[in-house]
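Here's the structure we're looking at; comments come further down.
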Amino acid sequence: MRRGTRRRGPARAHRRRNISPHMAKTAVLTPQNRDFPRWYQDVLAKAELAENGPVRGTIVIRPYGYAIWERMQSEIDQRIKSLGVANAYFPLFIPQSYFEKEAEHVEGFAPELAVVTIGGGKKLEEPVVVRPTSETVINSYFAKWIQGHRDLPLLVNQWANVVRWELRPRLFLRGTEFLWQEGHTAHVSEADARAFALRVLDEVYRDFMVEVMAVPVLCGRKTTRERFAGAETTWTCEGMMRDGKALQMGTSHELGQNFSRPFDISFLDEDGGQSYAWQTSWGASTRLMGALVMAQGDDAGLRLPPRLAPVQVVVVVARGEGQVSEGAQSVAGALRSAGMRVEIDGRVESSFGRRVVDWELKGVPVRVEMGPRDLERGEAVLARRQRGSKETVPLDGLVPAVHHALEETQTAMLQEATAFRADHTHEADSVDEAIEACAEGFATLPLSALGADGEDRVNAAGVSVRCLLGADGGPPEIDTPEAGLVAILGRAY
RNA sequence: CGGGGAGUAGCGCAGCCUGGCAGCGCACCUGCUUUGGGAGCAGGAGGCCGCGGGUUCAAAUCCCGCCUCCCCGACCA
């Protein structure tokens, strides 16, 4: 069974060939429904996305994987900047004492800190921590930069690597070192900080995940137990993977005055009084790469939504005869002129089938195949990765046809993922029913039905409360009574 | 840390029990034939068998010690 794959829409093609992309004689990958974790590992390796580094928990992101990450960075970065946030950079090394200033924060991170005790061959006076997150250093500078209310809001983001000594690493999902973006802001009031944290959640993360990654996400509030160490409130975007498990894809925290007090981020307000700033922090990481693979991949490999794909169209020279190569060049040129990201595969010394399988593994959304026969007829074959279809298109109509295929693919991928999530979400009335439903996917449960010991009970069963939603299915208003909230439960990565 | 496995070519593995030339598949190199859904044939390169010690005429194999990695549980983007 090809889970979640749907064929839809009428054939626009002159002729539609009945060739499925899953025709390889021997399975290219372990099928998803046989062993999902194995399938995931296979995709990372065969699509040349990433592999393990030499130190446990470290990752080597290969060029193709990094190209996808760069696309993610670019899309996220422009959304961050549109909120008026500027990029900056703070040090990798943080004095250990900084970590001890906020009680919950220390407690939350102490077990997973990497600490440098020797530098230049000498024992250090004060050990330095390799940043697991940068609240402490950044806020120590915010304290210097913020004097009066006119200095606020202060909105800063950095792209960086961070280190957390994880016990059980998994490529992209949980690593000792990973890449991310972390935003840090300071505001004059609690309401301003809250509004900003929610804007980031919606306008940066949800918008990117839904509109670019084509992954529907549930945006809600974390329970006290699940919230970030040092935060007052943690907001999250939760996605469903194709094995029904949940993945936290991005978070936005309201820090209250938890850091501004110990780091003395204070300012003179309009009335001349001394106030502590209200803060937020928020991040999304290379975990998104894992989410992409697990939410959009199928048994033939990765599937990239066109808006994210570093290569949107690959023009495959089927056979190196006659003027085919020139024809492919000309087609590629026309597609590029129309603004598409295009690559030519002219490696005719490799077999056609081999190359096609490679591009399917890499998830390129549209493949244009050209051989002598097509050239003679003035045609090309347009293959869509998302639904595994092929159609023949006249060369003079190819650019609009490819453009249309990309647009349709983007829409279809989001629809498919949304339908999959709906099919794997169960509305439960009791804790036991919810736990059972989580074997297949998510369960919704009125918070009132979860009860006081409900979170303990589900956790004991390997299930967690992913987030709390308001009546409209979005992040709950802060003053919504608990009785009006819905808990989303699932097994998580 | 608790429990379970594994270290042999780039990757995946066999060989070990019963000591006797270092093997297989994939990948790689060369040549020819191929190329419209993972090509075929022929030839070739590639090894501190995790490390250290011991037994033995002889150790990947038996014995002792050490190291590392992976998987399952408690934390996390």
Side-chain angles (χ1 to χ4, degrees), chain A residues 17-30 35 37-38 41-42 45-46 51-57 107-113 132-134 160-170 172-183 205 222 225-229 234 236-239 247-253 281-291 300-301 316-321 324 345-361 367 369-377 379-381 383 388 390 392 459-460 462 464 492-493:
Chain A
R17 291 180 198 174
N18 187 24
I19 292 178
S20 137
H22 312 291
M23 279 184 68
K25 284 167 197 146
T26 53
V28 176
L29 300 167
T30 307
D35 184 346
R38 176 91 184 271
Q41 296 290 342
D42 283 357
K46 296 206 172 185
E51 55 194 81
N52 283 312
V55 172
R56 177 188 173 77
E107 204 179 313
F109 281 102
E112 53 191 42
L113 294 183
T133 179
S134 304
N161 57 338
V162 286
V163 168
R164 299 177 185 181
W165 217 258
E166 293 291 347
L167 300 176
R168 269 192 59 203
R170 201 134 129 56
F172 283 131
L173 302 177
R174 195 189 308 108
T176 293
E177 178 190 6
F178 57 90
L179 307 184
W180 76 350
Q181 143 285 307
E182 52 178 318
Y205 298 143
K222 283 291 189 189
R225 179 175 307 190
E226 301 279 337
R227 83 181 170 208
F228 175 73
T234 288
T236 180
C237 294
E238 299 282 327
L247 186 70
Q248 179 173 318
M249 292 171 61
T251 51
S252 185
H253 315 290
S281 71
W282 26 277
S285 71
T286 39
R287 174 179 274 187
L288 289 171
M289 293 288 293
V316 179
V317 178
R319 298 169 64 105
E321 297 168 14
V324 178
D345 181 353
R347 302 169 296 167
V348 287
E349 68 280 3
S350 280
S351 77
F352 176 76
R354 153 78 54 167
R355 290 181 288 141
V356 163
V357 166
D358 280 348
W359 291 114
E360 280 172 355
L361 280 165
R367 194 170 65 242
E369 301 170 359
M370 286 192 71
R373 290 205 301 268
D374 303 303
L375 204 62
E376 197 179 310
R377 295 175 187 147
E379 297 173 345
V381 173
K390 284 193 185 189
T392 306
N459 287 2
S464 54
Y493 277 98

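Below, each value reflects all heavy atoms present in this structure, side chains not excepted, and no hydrogens, waters or symmetry copies. Just so you know, these numbers come straight off a predicted model, no measurement behind them.
If you measure from atom CD of A/Glu51 to atom P of B/C69, you get 17 Å, rounded to the nearest angstrom. A/Met289 has its CE atom 20 Å from the P atom of B/A77, to the nearest Å. The CD-C1' distance, from A/Glu349 to B/A39, rounds to 14 Å in whole Å. Whole-Å rounding puts the A/Glu166 CD to B/G73 P distance at 15 Å. Rounded to an integer number of Å, the gap from A/Arg319 CZ to B/A39 P is 14 Å. Rounded to an integer number of Å, the gap from A/Arg377 CZ to B/G36 P is 16 Å. For the pair A/Arg287 CZ and B/C76 C1', the computed distance is 7 Å after rounding to whole Å. Rounding to whole angstrom units, CZ of residue A/Arg38 and P of B/C71 are separated by 13 Å.
Across B/G12 and B/G7, the matching C1' atoms stand 14 Å from one another, rounded to whole Å. Distance noted for atom P between B/C64 and B/U55: 15 Å (whole Å). As rounded to the nearest Å, B/A27 and B/G38 have P atoms that lie 14 Å from one another. The C1' atoms of B/U8 and B/G25 are separated by 15 Å, rounded to the nearest whole Å. With P as the reference atom, B/C69 and B/C75 are 23 Å apart, rounded to whole Å. To the nearest whole angstrom, the two C1' atoms, one in B/G5 and one in B/G23, are 24 Å apart. Rounded to whole Å, the C1' atom of B/A77 lies 49 Å from the corresponding atom of B/U30. Nucleotides B/G47 and B/C13 place their C1' atoms 15 Å apart, quoted to the nearest Å.
Checking B/G36, B/A77, B/C69 against every side-chain atom of A/Ala318, the shortest atom distance belongs to B/G36. You'll find that the side chain of A/Trp180 is closest to B/A77, out of B/A77, B/G38, B/C69. The side chain of A/Arg164 approaches B/C76 more closely than any other nucleotide in the set B/A27, B/C76, B/G37.
Residue-level contact check: A/Arg355 touches neither bases nor backbone, having no heavy atom under 4.0 Å from any strand. Within 4.0 Å of A/Ser350, counting heavy atoms only, lies at least one base atom of the nucleic acid. Among the atoms of the strands shown, base atoms are found under 4.0 Å from some heavy atom of A/Pro372. Residue contacts for A/Gly371: at a heavy-atom cut-off of 4.0 Å it reaches a base atom on one of the strands shown. When heavy atoms are screened at a 4.0 angstrom cut-off, A/Gly108 is found touching no nucleic acid atom at all. The residue A/Gln248 sits close only to the backbone: its heavy atoms come under 4.0 Å of sugar-phosphate atoms, none of a base.
In terms of position along RNA chain B, the nucleotide closest to A/Pro169 lies nearer the 5' end than the nucleotide closest to the other residue of the pair A/Pro169 and A/Arg225. Heavy-atom distances to RNA chain B give each of A/Glu112 and A/Val348 a nearest nucleotide, and the one nearer the 5′ end belongs to A/Val348.
Closest heavy-atom contact between A/Lys390 and A/Ala383: CG-CB, 3.8 Å. Closest of all the heavy-atom pairs between A/Met370 and A/Val324 is O-CG1, 3.4 Å.
When both distances must be under 3.5 Å, the Watson-Crick or G-U wobble mate of B/A58 does not exist. Shown here, B/C21 forms no base pair; nothing in the strands shown gives a Watson-Crick or G-U wobble contact with both key distances under 3.5 Å. Partner assigned to B/C28 is B/G44, using Watson-Crick or G-U wobble distances below 3.5 angstrom. In this structure B/C76 sits in no base pair that meets the Watson-Crick or G-U test at under 3.5 Å. Nucleotide B/G52 forms a pair with B/C64, judged by Watson-Crick or G-U wobble geometry with both contacts under 3.5 Å. Look at B/A9: it lacks any Watson-Crick or wobble partner with both distances under 3.5 angstrom. For B/A14, there is no paired nucleotide, since no Watson-Crick or G-U wobble pair has both relevant distances below 3.5 Å. In this structure B/G36 sits in no base pair that meets the Watson-Crick or G-U test at under 3.5 Å.
Using modelled atom types, one finds no donor on one side chain facing an acceptor on the other under 3.5 Å when comparing A/Glu379 with A/Thr392.
Residue A/Arg170 places no side-chain N or O under 4.0 Å from the OP1 or OP2 atom of B/C76. Within the 4.0 Å cut-off from OP1 or OP2 of B/C1, not a single side-chain nitrogen or oxygen of A/Arg168 is found.
At a cut-off of 3.5 angstrom, the base of B/G37 holds at least one donor-acceptor pair with the side chain of A/Arg367. Side chain A/Lys390 to base B/G37: a donor-acceptor pair is found below 3.5 Å. Between the side chain of A/Ser351 and the base of B/A39, no donor-acceptor pair under 3.5 Å is found.
No option in A/Met289, A/Glu166, A/Arg164 other than A/Arg164 meets the side-chain contact (heavy atoms from CB on, under 4.5 Å) test with A/Phe178. A/Trp180 pairs in a side-chain contact (heavy atoms from CB on, under 4.5 Å) with only one of the listed residues (A/Asn161, A/Thr133, A/Thr286), which is A/Thr133.
Within a 6.0 Å sphere centred on CD of A/Glu321, heavy atoms belonging to other residues, nucleotides or ligands number more than 12.
With respect to the salt-bridge test (charged N to carboxylate O, under 4.0 angstrom), the residues A/Lys46 and A/Glu360 do not qualify.
Aromatic stacking of A/Phe352 on B/G37: not satisfied for centres closer than 5.5 Å together with planes under 30 degrees.
Put simply, the side chain of A/Arg287 gets close to the backbone of A/Leu173: a donor and an acceptor are under 3.5 Å apart.
Note: A/Trp282 and A/Tyr205 have perpendicular aromatic rings, judged against thresholds of 30 and 60 degrees for the angle between ring planes.
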